[in-house]
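Structure first, then comments.
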Amino acid sequence: MTDKALQYFDTAGFQQDLLKWYDENKRDLPWRKSQDPYKIWVSEIMLQQTKVDTVIPYFHRFMEQFPTVYELADADPQDVLKAWEGLGYYSRARNLQNAVREVVAEYGGKVPDTPRELGSLKGIGPYTKGAILSIAYNKPEPAVDGNVMRVFSRVLKIEEDIAQQRTKKLFDTYVREVISEEDPSSFNQAIMDLGSSICTPKSPACLLCPVQEYCIAFAEGMEESLPIKSKAKKQKPKAYVVLLIKNDKSEYVIEKRSDKGLLADLWQFPMVPIDEVGWDHVGNWVNDEYGLDIKINAKKGNLKHVFSHIIWQLEIYEAETQQQELTDERLLLVEKDGLERYPFPVSHQKMMSYIK
DNA sequence: AAAACGGGGTT
DNA sequence: AACCCAGTTTT
């Protein structure tokens, strides 16, 4: 006990009240039905920046399709991406499969249980490493996410900016001192449940909180103003023309995105930055980016799609082509009912309704 | 240290 | 429209 913030902190009492509350109130979540490290791993990757309610159906489908590390290691990466379709942060899916392949190749299919080995796997950072070690292997390792920082910033009245990297390390040392050595799995999950249901970002339910008596922020009536977090930059708008191009066999042109950057390896309808679009005097498409010979028919609508750092402003047009084959290797002609085999970002899934 | 990387929900 | 979020990798 070297740190001032914990000098007078009743660690034993805090643990006891938190764990009792967790035992009586823990949520019944699909990944809590076993301690299978692979299942814990998949759930934790899916839960990064993603709500529980969103993850649950994906988790069920994923486990049905890839029940163990071996099925996932053997899978076609496009099928993994398809299983991830709509979840976002698609590098998570690619990194997860790469890491699982390493587990099969280097660790005989057993998910490692040491911080060093686990942390060396693709997509497993400090948080996920701690979550797997504590939940699957019951090791007293911190798993510091947004919930933990929010709960601890209030309980201990920490006023550092939680958007800063060094602040995360600060919380790591606090959790390392306060975590239950007897039941680190329940301790970490209890903090997450508490942050999710009681110690919420807005209007926390302090009157229902099992650890209210330990909370400095509550005692001082400042729970609403913690944690301190610097604001994110505003997104930059980027405008595109999107083309729903059909040939006379009712096949549609789709395009595979780059294997790097935003929405890597997903498919989309051809999309051109609006400032690179050329129209002739009778309104014909003259941009030859894809080597396509097309005729624009009608504007189908506008779509706005917000990312964390960009806002797409999309103008959607219906078009037709006489071509039966394509020269650009990024492009593919696919019948309407075949589109569902390819992983699309949510923005382009929404355009499917325009072609019914 | 900052930016890139999705999507959905709440206020 | 602004704000929130069960993070990791790349630059």
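Sequence lines set the chain letters: A, B, ... in the order given, protein chains first and strands last, and positions in each chain run from 1.
- Under the 4.5 Å side-chain heavy-atom criterion for grouping Ile, Leu, Val, Met, Phe, Trp and Tyr, A/Leu47 is not connected to A/Leu194 through any hydrophobic cluster.
- A chain of hydrophobic side-chain contacts below 4.5 Å, direct or via other Ile, Leu, Val, Met, Phe, Trp or Tyr residues, connects A/Leu156 to A/Val151.
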For this session: Take nucleotides 5-11 of chain B nucleotide by nucleotide from the 5' end and write B, S or -, depending on whether a protein heavy atom sits under 4.0 Å from the base, only from the sugar-phosphate, or from neither.
Result: BBBB---
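- Remark: aromatic rings of A/Phe152 and A/Phe171 are distant, center separation not under 6.0 Å.
- Applying the salt bridge (Lys or Arg N to Asp or Glu O under 4.0 Å) criterion to A/Arg32, with sequence neighbours excluded, gives A/Asp193.
- B/dT11 and C/dA6 have their P atoms separated by 15 Å, given to the nearest Å.
- In this structure, A/Arg150 reaches the sugar-phosphate backbone alone: every heavy-atom distance under 4.0 Å involves primed, P, OP1 or OP2 atoms, never a base.
- A/Val55 comes within 4.0 angstrom of no nucleic acid atom, judged by non-hydrogen atoms across all strands.
- Residue A/Glu160 contributes atom CD, which lies 13 Å from atom P of B/dA1 at whole-angstrom precision.
- If you walk DNA chain C from 5' to 3' and mark each nucleotide with an atom closer than 4.0 Å to a heavy atom of chain A, the marks span C/dA1 to C/dT10.
- Exactly one residue among A/Val242, A/Leu303, A/Ile274, A/Val277 makes a side-chain contact (heavy atoms from CB on, under 4.5 Å) with A/Glu315. That residue is A/Ile274.
- To the nearest whole angstrom, the two P atoms, one in B/dG6 and one in C/dT11, are 14 Å apart.
- A/Arg27 and A/Ser197 share no donor-acceptor pair across their side chains, judged by distance under 3.5 Å alone.
- Only one option out of A/Trp267, A/Trp84, A/Phe269 pairs with A/Phe344 in a ring pair (Phe, Tyr, Trp, His ring centres under 6.0 Å); it is A/Phe269.
- Nucleic acid contact for A/Thr128: sugar-phosphate only, since backbone atoms but no base atoms lie under 4.0 Å from a heavy atom of the residue.
- Heavy-atom nearest nucleotides on DNA chain C were determined for A/Met192 and for A/Lys231, and the one closer to the 5' end corresponds to A/Lys231.
- Counting non-hydrogen atoms under 4.0 angstrom, A/Ile135 reaches nothing in the nucleic acid.
- Among the atoms of the strands shown, only primed sugar atoms or phosphate atoms (P, OP1, OP2) are found under 4.0 Å from some heavy atom of A/Lys304.
- Checked options A/Ile316, A/Ile296, A/Thr321, A/Val253; the residue passing with A/Leu243 is A/Ile296 (criterion: side-chain contact (heavy atoms from CB on, under 4.5 Å)).
- A gap of 24 Å separates the P atoms of C/dT9 and B/dG8, to the nearest Å.
- Under a 4.0 Å N-O distance rule, the pair A/Asp53/A/Lys51 does not qualify as a salt bridge.
- Backbone-only engagement by A/Ile124 is indicated by non-hydrogen atom pairs under 4.0 Å involving sugar-phosphate atoms exclusively.
- Residue A/Val52 is the one, among A/Lys122 and A/Val52, whose nearest nucleotide of DNA chain C lies closer to the 5' end (criterion: closest heavy atom).
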